[in-house]
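Single-structure report; data block below.
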2 protein chains.
Amino acid sequence: MSRDDLPPEAGDGTLPEATDADRFTNARAIRSTALFEDYTELIADLTEEFGEARITDIARRLGVTHPTANKAVLRLKREGLVISRPYRGVFLTEAGAAMARQVKARHRLVVRLLIAVGVPPEAAEMDAEGIEHYVSETTLKAFETYLDGRQ
Amino acid sequence: MSRDDLPPEAGDGTLPEATDADRFTNARAIRSTALFEDYTELIADLTEEFGEARITDIARRLGVTHPTANKAVLRLKREGLVISRPYRGVFLTEAGAAMARQVKARHRLVVRLLIAVGVPPEAAEMDAEGIEHYVSETTLKAFETYLDGRQ
DNA sequence: ACGGAAATGTAGCCCGTGCTATATTTCCAA
DNA sequence: TTGGAAATATAGCACGGGCTACATTTCCGT
């Protein structure tokens with residue numbers, strides 16, 4: 001039982017450099033930004049549709065209560081992703097809009113790839129909602145290349 | 001501004017049945033079980049390697065402190081996924097072992113698919129850690145079919 | 001066999017993300 | 001124009017999941 005001095009992952013040949021802990025720590029970091037990504041994307045959508053993003057609409061689209069949406073918007077504000085005045089709509093800052101654009105592009109790409117490998121569109125759309133946050137730039141590039149190569 | 005009585009998603013043609021809220025609610029539900037999945041999988045690995053899963057090893061592999069791992073194990077216990085005696089190792093129940101098997105199979109499949117579409121193995125391994133939790137049975141089946149069809 | 005190091009457990013803190021209940025503000029229609 | 005409905009804000013609760021600090025137990029080497 002003396003495995004304290006073993007180099008991590010030695011012997012199994014799967015991961016010479018990235019340790020388990022790295023991967024999990026990475027996943028946790030992503031999890032903490034996923035909510036911001038969902039909100040900025042949604043606020044962008046609502047702004048495009050209605051000219052503004054209102055708390056009630058945000059809450060309904062996300063399937064949460066208004067106070068939850070309101071609290072999240074406060075955090076987004078603190079992070080400089082949105083601006084808002086009391087009892088008024090919410091609007092993305094440049095940083096927020098940039099995040100929204102990136103998230104949206106990633107979302108579309110993930111859905112396209114899933115469909116390309118045979119996933120039914122409804123399942124692709126459903127699963128992409130969670131998957132999209134965890135797709136790295138490297139993987140995204142690979143998806144693009146794959147999709148381009150198909151026609 | 002009267003969109004209160006609009007059918008959700010009407011007009012964009014992307015999602016006739018699954019509303020946005022459904023997708024987000026689904027993603028939140030998955031997020032809450034992801035931690036359990038990570039723990040059961042890891043405990044299975046450690047048990048296979050060392051004959052038992054010890055708190056210290058669990059914590060190190062996940063990149064968290066011992067108290068965090070300990071608290072999580074208490075939750076796993078409460079959920080009937082593991083058994084443990086004070087100051088002793090942690091062991092999976094049948095339910096926990098079943099979850100571990102399922103998670104591991106899913107993980108492998110996701111990694112294989114990512115690699116199959118051209119993602120570098122290290123990135124595939126890294127991204128799969130987050131992605132795996134969000135892949136539905138339907139999508140999993142599609143992955144299998146796709147991989148089978150390639151050779 | 002026993003003393004110190006390592007492992008484990010526990011207390012208590014912080015913050016996120018959900019909720020309900022209640023106050024406040026806005027806005028539309030009579 | 002004003003009263004009531006809808007929207008928004010706020011307070012406070014619960015729990016998850018991370019941490020540090022400290023107590024306790026186990027275990028190994030001398």
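In what follows, chains are A, B, ... by sequence order, proteins preceding strands, each numbered from 1.
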Can you measure [X] atom [atom1] to [N] atom [atom2] for me and round it to whole angstrom units?
X	N	atom1	atom2	result
B/Ile58	D/dG17	CD1	C1'	15 Å
A/Tyr87	C/dT24	OH	P	8 Å
A/His66	C/dT22	NE2	C1'	14 Å
A/Arg75	C/dC15	CZ	P	12 Å
B/Arg31	C/dT17	CZ	C1'	9 Å
A/Arg85	D/dT8	CZ	P	13 Å
B/Lys77	C/dG9	NZ	C1'	11 Å
A/Leu76	C/dG16	CG	C1'	13 Å

Base, sugar-phosphate alone, or nothing: which one does A/Arg28 contact when heavy atoms must sit under 4.0 Å apart?
-> sugar-phosphate
Is B/Thr56 touching bases, backbone alone, or none of the nucleic acid, heavy atoms closer than 4.0 Å?
-> sugar-phosphate
Does B/Asp127 reach the main-chain N or O of A/Ser136 with its side chain, forming a donor-acceptor pair under 3.5 Å?
-> yes
Does [X] place a side-chain N or O at less than 4.0 Å from the phosphate oxygens OP1/OP2 of [N]?
X	N	result
A/Thr68	C/dT17	no
A/Arg60	D/dA7	no
A/Arg88	C/dC27	yes
A/Arg54	D/dT8	yes
A/Asn70	D/dT8	no

5'-most contact on DNA chain C: B/Leu74 or A/Pro67, nearest heavy atom basis?
-> B/Leu74
Thinking salt bridges, do B/Glu49 and B/Arg54 make one under a 4.0 Å N-O criterion?
-> no
Basic-acidic side-chain contact under 4.0 Å: A/Arg101, A/Glu94 = yes
Whichever of B/Glu79 and B/Gly63 has the more 5' nearest nucleotide on DNA chain D, that residue is B/Glu79
Between B/Tyr39 and A/Ile55, name the one whose nearest nucleotide on DNA chain D is closer to the 5' end.
-> A/Ile55
With sequence neighbours left out, which residue pairs that include part of residues 113-144 of chain A fulfil the ring pair (Phe, Tyr, Trp, His ring centres under 6.0 Å) condition?
-> A/Tyr134-B/Tyr134
Distance-only donor-acceptor test (3.5 Å): side chain A/Lys71, base C/dG16 = no
Closest non-hydrogen atom pair, B/Ala142 against A/Gly118 = CB-O, 3.6 Å
